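Heads up: the structure comes next, in structure tokens.
Everything numeric in this text was worked out from a predicted model, so none of it was measured. Lettering of chains follows the sequences in order, A, B, ..., and the numbering in each one begins at 1. For the numbers below, each heavy atom of this structure counts, side chains included, while hydrogens, waters and symmetry mates do not.
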Amino acid sequence: MELSKVYDARQVEERWYARWLESGAFGADPAGAGAGRPAYCITIPPPNITGSLHIGHALNSTVLDILTRWRRMAGDLAVCVPGTDHAGIATQNVVEREIARQGLTRHDLGREAFVERCWEWRREYGDRIYLQMHRLGCSFDWSRARFTLDASYVDAIYHEFLEWWRRGLIYRGARVVNWCPRCRSAISDIEVNAEERAGKLYHFRYPFADGSGHVVVATTRPETMLGDTAVAVNPADERYAGLVGKVVRLPLAERDIPLIADEYARMDFGTGAVKVTPAHDLDDFECGLRHALPQVVVITEDGAMAPAAGEPYAGMDRFAAREAVLRDIAARGLLERTEDYTVKTPLCDRCKSVLEPLLSEQWFVKQAELARPAAEAVRDGRIRFHPERYAATYLHWLDNIRDWCISRQLWWGHRIPVWWTDDGRYAAGRNVDEAATALDVDPASLRQDADVLDTWFSSALWPQAVLGWPAQTPDLRAWYPTNVLATAQEILYLWVARMVMTGLDFVGDVPFRDVYITPTVLDERGERMSKSKGNGVDPLDMADRYGADALRFALMQQTGMNQDLRFSEERVRLAGAFCNKLWNASRFVLMSLAETASRQGDTIEWPVDRALLTTPDRWILSRLTRCAEAVRTAFESYRFDEAARSLYAFLWDDFCDWYVELAKPRLRSDDPGEAGLAASVLRVTLETTLRLMHPMMPHITEAIWQALQPHDEHAAREALLMVQPFPEPRPGWVDPHAEDRMALVIDATRALRNLRAEAGIPPGARLRGAAVAGVGSAATTLSENTDTIAHLARLSEIGMRDAAPTTDGRWIGAPIRGAEVFVDIGDALDIPKELERLARERAAVERDIERASARLGNPQFVQRAPADVVAKERANIEALQGKRAKLQTRAALLGG
RNA sequence: GGGCGAAUGGCUCAGUGGCAGAGCGCUUCCCUUACAAGGAAGGGGUCGGAGGUUCGAAUCCUUCUUCGCCCACCA
């Protein structure tokens, strides 16, 4: 079958993806495990149902697909399980935005109707990201796709909640939590992004109640002063030695509050006195507990001032109240001073609103007991991070972990399975009846907790839950622990650490053995991509313009152990050129196979007798073997950039630039055996290369592979490249001798091309005497390859000489290692110019000789450097001296 | 305030102790029947600064500068 002249990525990609899907080759049967086939499993980081594929997904999916395709070809029972996440806040936000266009809020709809709207969203858009992954060529097992609100998944979450509940790990507590007034929900500590903003630090005078003066406190959030219930100073602070215990008259609120001593107050900041607002600051909250201070809530859940703020502030927006408080304090002459100050402003990770620390009742999970084993698994190497440095980050977090706030005041998500009585008692259960039994009340009298669970509470179970846990399914038995988790560093804590906790705690083993942290994709200027900046790159657009394989390859060229990666469209274009190169090289091979077959009726079958192979044959097979080794090593160590580099260099430089060119005259040879042999080596090299490249560039390699097969186009599953064996190590193909010989041929060719270019000789010009000369093994190698060199150097013919010409000056020449090349350019020789060139070259050689002899002249070097390094240097200087001698002889001959 | 990255030719990046590499861009030549998304030949870097270790440093150590990321309860 023939390949079209122009490589049409889109058509090829659509066609072969459809064929793969049809073949069922993405799936795997767990029954195959244990029968000598190692199991290999990856679960994808489930994208939000709100999202469409962005460039980060494209990179991640490509990595997962490469690993899966590689292990599948290597013979593992490999499967990559996809899925999506309900993404509580994110989804609720988009649905709220959608209904807002009809002028509705979620409260207008009511909880049930609103949740139904979310489900509608999920049904409509929830799987669209799968189709986008299809476009990239992902060989995920779509039949196993899971969603975090699937009935069976909900089962897993109840199991998790109730088990932790039973063990007393889940508790309810009043805490100051980070509250998003826009989302109207608590969020966990790690969903907070602090941003430094220019702000002010205000110094207020708080008068003593007895009129004996005042104390000065500083604040960046003046409106919170309405909730102050104390002023604290450090007990060691001599400035306040006699003042502790005095009563302060809180301005505006006109409440009396105590001046207390607490080590939390820092002596080196401001005046050393700090206002304490237990309901609106985490530290103040803890300080308040120590001193049994009242907690006055002055800001509500929607960011307005609460009734306790008093008139005229109650009901004002928090930022308006800030201005009002400032004005009123200043009016009373209590504003001592205002200074510019960089304020660390906590922002909501989801909606970027300024968060408000707020006192509220939430559900928490105790972390200490769960964190310890999760840290241990990394310390003892059961889980390995790639790059390794992330292990330290992970451990640092786990070693300093705080309890996890798991309740969210949202409607979309897993509702917390706790039921309340009217008088404030509660119990957890799989359903209301279980809770009623536990509380010994009538189920009809119970109300379910209004909150839902943090999204990460469900994704924490991902690897085991998608494999069927808590049921002991064949999938779970075959594929747990999974092999690799590949994800972005931003969810290292949010997700990765939590999965390790639940895996160890519930399944009794780590959820994955390797964690590969992918680089963050930045835009061309090195800035983070974001919707608001509008600098995002649409991977589907890239795939449509340059091909999915080109996008994959371009991304992988930059995906190593880096922290981030600058996306470059130019690279994608160039990867497209690489695809084109592969396509055309393959067309050449196909054409050659067809021609040799027609001439001799049959192509020489592989394997052929190694003794028949020429130096270039052995060379290309040797290079191919080294490339295969490099690719395998690269995949094993998540160095996709190295794999890409090796493949690129092998295909383009070794195969196309040298081997194919070397093969051309042989294919035209009068000896059909010679032509058949060359065609056969071309074929086996290309086939092996295709198998090596397939995980990275699946579509184009499959298309070419199929074209190489002598069958009709309705390929059976077994005939697909995607299930062919990945190239095995073949130490027998490595041939250093052939590589040496080819290196000499290449050197000679390059030197001749260079001479030709410098002398301005047109290609193919009939020259009376292009020649090579050499001694010893070089002479043998060169003499066996004069035709080859002539062809490569585009010279009509090349002679072999014993030595440099000594009588006729109309030659130009260049020394190469152990040999010399010449071109007779007759009268065209410009002697002064040639002498100049020789002098230039000689100067360069002299410089090298000088450097080398300086080294060898250093007794320390000779004494202490390893013997092979010294020997190499000696050989080097000898070669250089030989080169110098030849240059001198040439110059002398020309009268220089 | 801590921790971690990055700094290599005009650009984007490889390179973990032994003579500085690739791709793109640039210069010159070539549409040679696989490929002009191509081929050939070139030019181009005192490897961010300063110290140190070593026979030898882009590479190891110290320190500084610039940029980025993560973490942290300092009004």
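Side-chain proximity of Glu642(A) to G68(B), G15(B), G5(B): nearest is G15(B). Taking only side-chain atoms of Tyr648(A), from C-beta outward, the nucleotide of G18(B), G23(B), C35(B) with the closest atom is G23(B). Side-chain proximity of Thr219(A) to G18(B), C69(B), A75(B): nearest is A75(B). Each of G39(B), G23(B), C19(B) was ranked by its minimum atom distance to the side chain of Leu574(A); first place goes to G23(B). The side chain of Glu570(A) approaches C24(B) more closely than any other nucleotide in the set G15(B), A41(B), C24(B). Here the nucleotide nearest the side chain of Gln489(A), chosen from A40(B), G18(B), C69(B), is C69(B). Of the listed nucleotides (A41(B), G18(B), C71(B)), G18(B) has the atom at the smallest distance from the side chain of Ala865(A). Among the nucleotides C35(B), C24(B), A41(B), the one closest to any side-chain atom of Asn580(A) is C35(B). With distances taken from any side-chain atom of Lys664(A) to the nucleotides A34(B), C13(B), C19(B), the minimum falls on A34(B). Side-chain proximity of Arg528(A) to A75(B), A41(B), C70(B): nearest is C70(B).
C13(B) atom P lies 14 Å from atom CZ of Arg639(A), rounded to whole Å. The distance from atom CG of Leu347(A) to atom P of C71(B) is 13 Å, rounded to the nearest whole Å. Atoms CG (Leu565(A)) and C1' (A14(B)) sit 13 Å apart, rounded to a whole Å. For the pair His396(A) NE2 and C69(B) C1', the interatomic distance rounds to 16 Å; values are reported in whole Å. Atom pair Asp8(A):CG and A37(B):C1' shows a separation of 14 Å (rounding to whole Å applied). Here A34(B) presents its P atom at 16 Å from CG of Leu582(A), a figure rounded to the nearest Å. Here the P atom of nucleotide C24(B) and the CD atom of Glu569(A) are 17 Å apart, to the nearest Å. Spacing between atom CE of Met591(A) and atom C1' of A34(B) amounts to 6 Å, rounded to whole angstrom units.
Distances shorter than 4.0 Å separate none of the side-chain N or O atoms of Asn562(A) from OP1 or OP2 on A6(B). OP1 or OP2 of C13(B) sits under 4.0 Å from a side-chain N or O of Arg566(A). At the phosphate of G39(B), OP1 or OP2 sits under 4.0 Å from a side-chain N or O atom of Lys581(A). Distances shown here put every side-chain N or O of Arg851(A) at or beyond 4.0 Å from the OP1 or OP2 atom of C19(B). Regarding contacts with the backbone of A22(B), every side-chain N or O of Trp652(A) stays at 4.0 angstrom or more from both OP1 and OP2.
Heavy atoms of Glu490(A) sit nowhere under 4.0 angstrom from any nucleic acid atom. Nucleic acid contact for Tyr493(A): sugar-phosphate only, since backbone atoms but no base atoms lie under 4.0 Å from a heavy atom of the residue. As judged by a 4.0 angstrom heavy-atom cut-off over every strand, Gly857(A) is placed among residues making no nucleic acid contact. Note on Arg668(A): nothing from the nucleic acid sits closer than 4.0 angstrom, heavy atoms only. If you check every strand for non-hydrogen atoms under 4.0 Å, Ala265(A) touches a base. If you check every strand for non-hydrogen atoms under 4.0 Å, Asn400(A) touches nothing. Heavy atoms of Arg750(A) sit under 4.0 angstrom from primed sugar atoms or phosphate atoms, though from no base atom. Arg389(A) comes within contact range of the sugar-phosphate backbone alone, with a heavy-atom separation under 4.0 Å but no base atom that close. Residue Gly576(A) is in base contact, counting any heavy-atom pair closer than 4.0 Å across all strands shown. Nucleic acid contact class of Glu661(A) (heavy atoms, under 4.0 Å, all strands): base. Counting any heavy atom pair closer than 4.0 Å across all strands shown, Ala757(A) reaches sugar-phosphate atoms only and no base atom. Using a 4.0 Å heavy-atom criterion, one finds that Val660(A) contacts the bases of the nucleic acid, with or without backbone contacts as well. Across all strands, Cys579(A) comes closer than 4.0 Å to no nucleic acid atom at all (heavy-atom distances). Contact annotation for Tyr341(A): backbone-only contact, meaning every heavy-atom pair under 4.0 Å involves sugar-phosphate atoms and none involves a base.
Counted by atom type alone, Thr277(A) and Lys275(A) present one or more donor-acceptor pairs between their side chains at under 3.5 Å. Side-chain atoms of Asn584(A) and Arg587(A) form a donor-acceptor pair, as typed in the model, at a separation below 3.5 Å.
Pairing for U59(B) is absent, judged as Watson-Crick or G-U wobble with the two contacts each under 3.5 Å. Base pairing analysis places G5(B) opposite C67(B); the two distances defining the Watson-Crick or G-U wobble pair are each below 3.5 Å. Base pairing of G21(B): its partner is C13(B), meeting the Watson-Crick or G-U wobble criterion (both donor-acceptor distances under 3.5 Å). For U33(B), there is no paired base (Watson-Crick or G-U wobble, both distances below 3.5 Å).
As rounded to the nearest Å, A34(B) and A40(B) have P atoms that lie 14 Å from one another. U46(B) and C11(B) have their P atoms separated by 13 Å, with the value rounded to a whole Å. The C1' atoms of G3(B) and G18(B) are separated by 34 Å, rounded to the nearest whole Å. Taking the C1' atom of each, G21(B) and A14(B) are spaced 7 Å apart, rounded to whole Å. Comparing the P positions of U16(B) and A7(B) gives a spacing of 12 Å, expressed to the nearest Å. A58(B) sits 12 Å from G48(B) when the C1' atoms are compared, rounded to a whole Å. Atom name C1', nucleotides A57(B) and G17(B): the rounded distance is 7 Å, in whole Å.
By the 4.0 Å N-to-carboxylate-O rule, Lys664(A) lies close enough to Glu661(A) to be salt-bridged with it. We find that Arg221(A) and Glu223(A) are not joined by a salt bridge, their nearest charged nitrogen and carboxylate oxygen being 4.0 Å or further apart. Salt-bridge annotation for Arg545(A) and Glu569(A): present, with a side-chain N of the basic residue lying under 4.0 Å from a carboxylate O of the acidic one. Between Glu490(A) and Arg528(A), at least one side-chain nitrogen of the basic residue sits less than 4.0 Å from a carboxylate oxygen of the acidic one, meeting the salt-bridge criterion.
Nearest-nucleotide assignment on RNA chain B puts the 5′-proximal partner with Leu880(A), out of Leu880(A) and Ala273(A). A residue-by-residue look at Gln557(A) and Tyr390(A) shows that Tyr390(A) has its nearest nucleotide of RNA chain B further toward the 5' end.
Interface remark: the Gln563(A) side chain does form a donor-acceptor pair with the G68(B) base, using a distance-only criterion of under 3.5 Å. Evaluation of atom-type donor-acceptor distances gives no pair under 3.5 Å for the side chain of Asp281(A) against the base of C73(B).
Annotation: Glu878(A), atom CD; neighbour count of heavy atoms from other residues, nucleotides and ligands within 6.0 Å does not exceed 12. With a 6.0 Å radius and a threshold of 12 heavy atoms from other residues, nucleotides or ligands, Glu263(A) has its CD atom at or below the threshold.
Under the 6.0 Å cut-off for aromatic ring centres, Tyr638(A) and His386(A) qualify, their centroids lying closer than that.
Arg498(A) forms a cation-pi arrangement with Trp404(A), by the criterion of a distance under 6.0 Å to the ring centre and an angle within 45° of the ring axis.
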